[in-house]
Amino acid sequence: MLSVVPNPNTAGKAVRETRKNILSVRSLCRDFTRPNGNVVTVLEGINLDVYDGEFLALLGTSGSGKSTLLRCMAGLLKPTRGSVSYAQPEDPADPLVSFVFQNFALFPWMTVRENVELAVRHLPKHERSARIDSILELVGLASYEGVFPRELSGGMKQRVSFARAMVGEPMVLFLDEPFSALDPLTSESLRAEIGRLWTQPERKIRAAVFVTHNLDEAMQLADRVVILQSNPGMIYRTFEVPLPRPRNPNTEEFKRLEDDLERLFGELQLGRMISEHEEEAHPPVASVPPTTTEAPQQSEPMTSGAPAQTRTERPRRVKPLINTSLVLVEGLLTRLAEEEIGMDLYDLADDMGQSVDHVLPAVASGELLGLLYTPGTRLVLTETGRTFAHEQDPLLRRAILREACLNLPMVASIYELVKGTQGEGLEKSIALEQIVMMLPFEDPDLQFEALLKWCRHVNLMSYDAARACLYAED
Amino acid sequence: MKIASRPIVERGSYFMAELLTLVLVTAVGLALAHFVAVGSAPYLEAVPVSSDLKKLPEYAALSLVRSLIALSISYIFSVAYGTIAARNERNERLMIPILDVLQSLPVLTFLPGFVLALTRIFPTSRWGLELSCILMIFTGQVWNLVFAYYESQRNLSPELKEYAEVARLGPLEKLTRLDLPSALSPLVYNGMMSMAGGWFFLTLCEGFVLGDKSYRLPGLGSFLNVTFENQQYGAFVAGLACLVLMVWGVDFLLWRPLIAWSSQYRDTNENDGNGRSLFLELLRKSEISQKVGTLSKSLFSHLREFWLQTKTKSSLPLGQFHVEETLNRWRLITSPTNLLQSKAQARLAEQVLALTRWLSGFLFGGLVFLALPSIPNIAASMASVTRADWLELTNALLLTFAKVLGVIVFATLWTVPVGIWIGKSPRLSRLLTPFIQNLAAFPAPVLYPLIAMAFSRSQMGAGMVATLLMTIGNQWYLLFNVISGASRIPGELETVANVFRFSVREKFTKLYLPCVFPSLLTGWITAAGGAWNASIVAEIVDYPGGRLRAAGIGAEITEATTHGHYQRLVAAIIVITIALIVLNRTVWRSLHHQAEVLKL
């Protein structure tokens with residue numbers, strides 16, 4: 001099944017040779033300095049080309065630095081290392097870039113027309129008004145031109161934002177999660193509209209780069225999907241979507257590509273939580289991921305022994321916590337307990353009506369706690385997980401979770417430290433130091449936050465924000 | 001019948017509108033002309049102020065013009081200072097503490113410097129005195145405006161800033177299109193507060209004694225002073241009425257329209273009842289003002305067009321291009337800094353930065369150079385302040401501190417229940433808020449002599465009376481903060497309290513007080529600041545046939561100024577500044593943190 005798309009990279013190469021490269025990113029890195037002085041690397045060694053006529057999607061879960069990459073490409077952020085280069089447009093006076101923001105970023109004190117006008121204010125008056133009229137007509141805002149943004153719905157605001165970005169006919173259009181602040185129906189209709197606008201024959205915009213965490217959006221709009229992995233953000237894989245527009249999600253071809261993309265994305269996410277940091281030594285192998293049908297068979301003995309063994313085979317490393325609520329994990333376990341043989345990640349997400357990236361943190365946490373394991377993109381409960389899901393007594397349930405948390409080396413070590421203070425309380429700074437020592441590559445503040453969330457949930461430790469001290473619960 | 005009568009009413013109000021516009025324009029023109037005439041008149045230390053009622057409108061106009069000019073300067077200063085401070089972190093670290101210090105200095109501190117310097121610059125005309133008066137009003141107005149503008153710049157949405165970069169707004173465009181509009185509401189609201197702050201020292205700014213000289217400028221403040229001193233109580237009351245009218249008129253003709261106008265540019269849809277102004281509606285009906293409006297609009301847009309066209313040629317070509325062979329015709333722009341900024345722009349920004357650095361260095365150096373030779377002199381003269389003096393001053397400081405605490409306790413005791421009562425009823429708070437705002441804008445110190453005289457027969461100690469005087473001016477801040485806090489108590493919590501049958505006491509301690517506390521705290525900070533400042537005019541009050549003197553740092557400062565003991569004045573200022581900074585940094589800051597935690 002996968003042999004049909006052996007390697008998306010080579011498949012597109014022949015076509016791409018003939019196309020012009022209009023934006024290229026070379027070995028780009030971006031560091032951020034946190035207020036406490038720690039330097040966090042958000043992006044590492046990004047090499048990326050954007051070709052003429054391309055609609056490119058940057059896909060990644062939160063924390064993969066996709067927005068940062070987009071801002072670096074648009075020139076809003078200066079890369080720490082590396083370069084971003086643009087081809088010069090035919091007319092050097094044409095604007096290079098434009099940007100659509102997640103939260104619209106419309107000026108609240110200007111009318112719709114004034115907002116759009118801002119992008120083309122340098123043009124002569126008659127040309128300016130002609131352009132504004134036509135773009136407002138195109139996005140269906142012609143009768144709203146004198147209205148202030150606050151009077152518009154979210155979808156309408158984003159239309160204004162699109163109009164503003166396109167009216168200047170920039171060479172590259174950047175879109176930062178343009179649909180995620182909208183409700184599903186509005187986002188659907190706006191996406192279709194963008195698809196239609198993109199196929200307009202007189203389109204002047206040469207390329208578009210958009211950031212998303214949503215696979216459907218990427219499948220519907222992108223010619224090429226760049227999947228980013230997190231911590232630090234690197235390009236994991238690129239994925240061509242050579243489908244004609246308008247796209248019909250019901251065709252064979254579309255479904256097959258969608259499955260492949262889902263698997264690729266799922267593998268990245270699920271693979272990472274088993275071997276956090278290990279790909280520093282072994283970068284992600286570009287080999288074909290195992291199909292969903294193969295994977296459960298490989299590790300089919302569904303006893304809890306199997307995953308435990310695989311875990312102990314690896315060099316035991318301290319794993320970072322995942323900043324998510326354990327309530328979600330509990331819900332996930334309860335849902336999985338209804339299925340005898342486990343469930344596919346994407347089916348589960350569909351079933352719950354959520355996109356995969358909303359479910360992933362809970363899955364990752366469950367796996368970290370040893371409550372479930374993931375052959376391929378399948379989710380299967382471990383023995384502990386099953387016991388937990390079937391236990392009715394809330395106190396016992398909490399005790400199981402507490403045990404699971406205490407099995408994590410980081411939680412255990414900090415709990416020991418807190419107990420060692422004998423009721424005096426452990427200062428936050430000492431806990432942070434311990435975290436930095438155990439997880440030098442992670443953001444200690446986020447880890448601390450996650451630690452608090454988990455420990456409070458299982459009633460292991462409490463935290464006094466005023467004194468910045470951790471206390472053990474009896 | 002009704003249908004027929006409507007156009008007539010409309011026409012009547014149209015006529016009213018035209019008339020009002022004309023009258024206002026004429027009045028403003030006359031007041032300005034008169035102000036210029038008075039300023040250019042030959043120099044006089046103390047301009048004689050007649051107690052003739054016919055002169056009253058003229059004096060009121062003069063005071064108003066001064067206050068408005070000071071407010072304009074305050075706006076300009078705030079925008080400049082706030083922009084520089086908010087733009088980069090290094091400036092911020094220096095400029096905000098400086099502001100903290102300046103803010104805590106009492107108005108009188110600046111007086112001798114301004115007067116001595118400016119009368120020397122303008123030896124023949126009255127501009128020196130006029131300017132120092134305006135600058136004194138300015139120092140009473142400016143600080144909260146600066147803070148408000150700075151805060152609004154700090155809280156500006158980062159995405160809007162990013163879009164401004166993407167759209168390549170120039171510095172001037174960024175100011176007019178982004179920075180100023182985003183700060184519109186805080187600038188208007190704080191302008192209103194500032195105006196009140198400026199009125200507060202009306203009498204002090206228009207007539208003051210400096211060493212052996214006593215200065216006086218014509219104006220409403222000095223009119224009130226003179227008539228009270230001469231015991232012409234009829235004229236004094238007329239002056240007070242005129243003052244009330246002026247405060248109300250400024251509110252009606254300036255602030256209400258501004259608030260109504262600015263609220264249409266706000267991001268939210270909520271209507272808090274402040275969005276209406278009768279005057280603005282009238283003005284919009286007036287044909288003259290409409291004509292003027294459209295004319296100025298088209299003039300403005302022409303100017304902008306012209307400016308944009310000139311910019312089009314110069315700024316649009318992009319920065320450096322690096323040719324790379326692999327992409328034959330396509331040239332590369334490396335390093336995205338020059339992507340959104342043209343070369344010319346970048347160079348300009350660099351030059352401006354270099355210039356400001358050079359200038360500030362030069363200014364600082366110049367100051368040091370000028371001040372250096374006089375340091376031994378200053379040190380020698382400061383040596384005349386003995387240890388006993390310092391002790392006395394510290395003692396006075398503690399006494400005033402006790403009074404400030406008294407003000408807060410007094411004011412809190414009555415404003416909390418009353419404020420909660422008003423704030424919980426939307427109708428009452430809508431009705432009373434403008435009234436209370438006007439009360440707060442009324443400068444209490446003009447009443448101090450009257451009250452002091454009234455209490456002179458009673459057995460109350462001078463300290464108590466002074467505390468009372470200080471409370472009168474500053475309780476309003478507390479009241480409207482409590483009202484606004486109480487009006488935001490969530491209805492659901494109230495229901496919960498009813499469900500669990502809270503007693504009245506429990507409701508107060510468990511619901512109302514915690515809800516109101518953050519705004520109460522803001523009120524405390526403002527009221528305490530105001531009380532420190534008011535101590536200067538409240539601790540020494542002269543009235544015909546007597547004088548109220550309460551021991552305290554305010555009295556020390558006033559006496560040092562009027563007797564020309566500049567060393568003692570400087571020492572007193574040092575003492576009070578240190579005390580205020582310490583208070584700000586410790587008590588208020590920690591309470592502020594507490595309030596942040598409690599915020600809903």
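In the text below, chain A, chain B and the rest are named by the order of the sequence lines, each starting its count at 1. What you see is a predicted model; the values in this text were computed from it and never measured. The figures here come from the full heavy-atom set of this structure, side chains too, leaving out hydrogens, waters and symmetry mates.
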Segment of A:Phe107 engaging chain B (4.5 angstrom heavy-atom cut-off): both
Plane angle bin for A:Tyr86 and A:Phe174 - parallel if under 30°, tilted between 30 and 60°, otherwise perpendicular: perpendicular
By side-chain contact (heavy atoms from CB on, under 4.5 Å) - contacts of A:Ala468 (at least two apart): A:Lys428, A:Tyr463
Distance-only donor-acceptor check, side chains A:Ser161 and A:Gln158, under 3.5 Å: yes
Contact class of A:Asp176 relative to chain B, heavy atoms under 4.5 angstrom: neither
Engaged part of B:Leu178 at the chain A interface, taking heavy atoms whose separation is under 4.5 Å: both
Heavy-atom contact with chain B under 4.5 Å, split by part of A:Leu23: neither
Positive for side-chain contact (heavy atoms from CB on, under 4.5 Å) with A:Met73, one of A:Val50, A:Val172, A:Leu28: A:Val50
Side chains of B:Glu92 and B:Tyr150, donor plus acceptor under 3.5 Å: yes
Heavy-atom contact with chain B under 4.5 Å, split by part of A:Arg26: neither
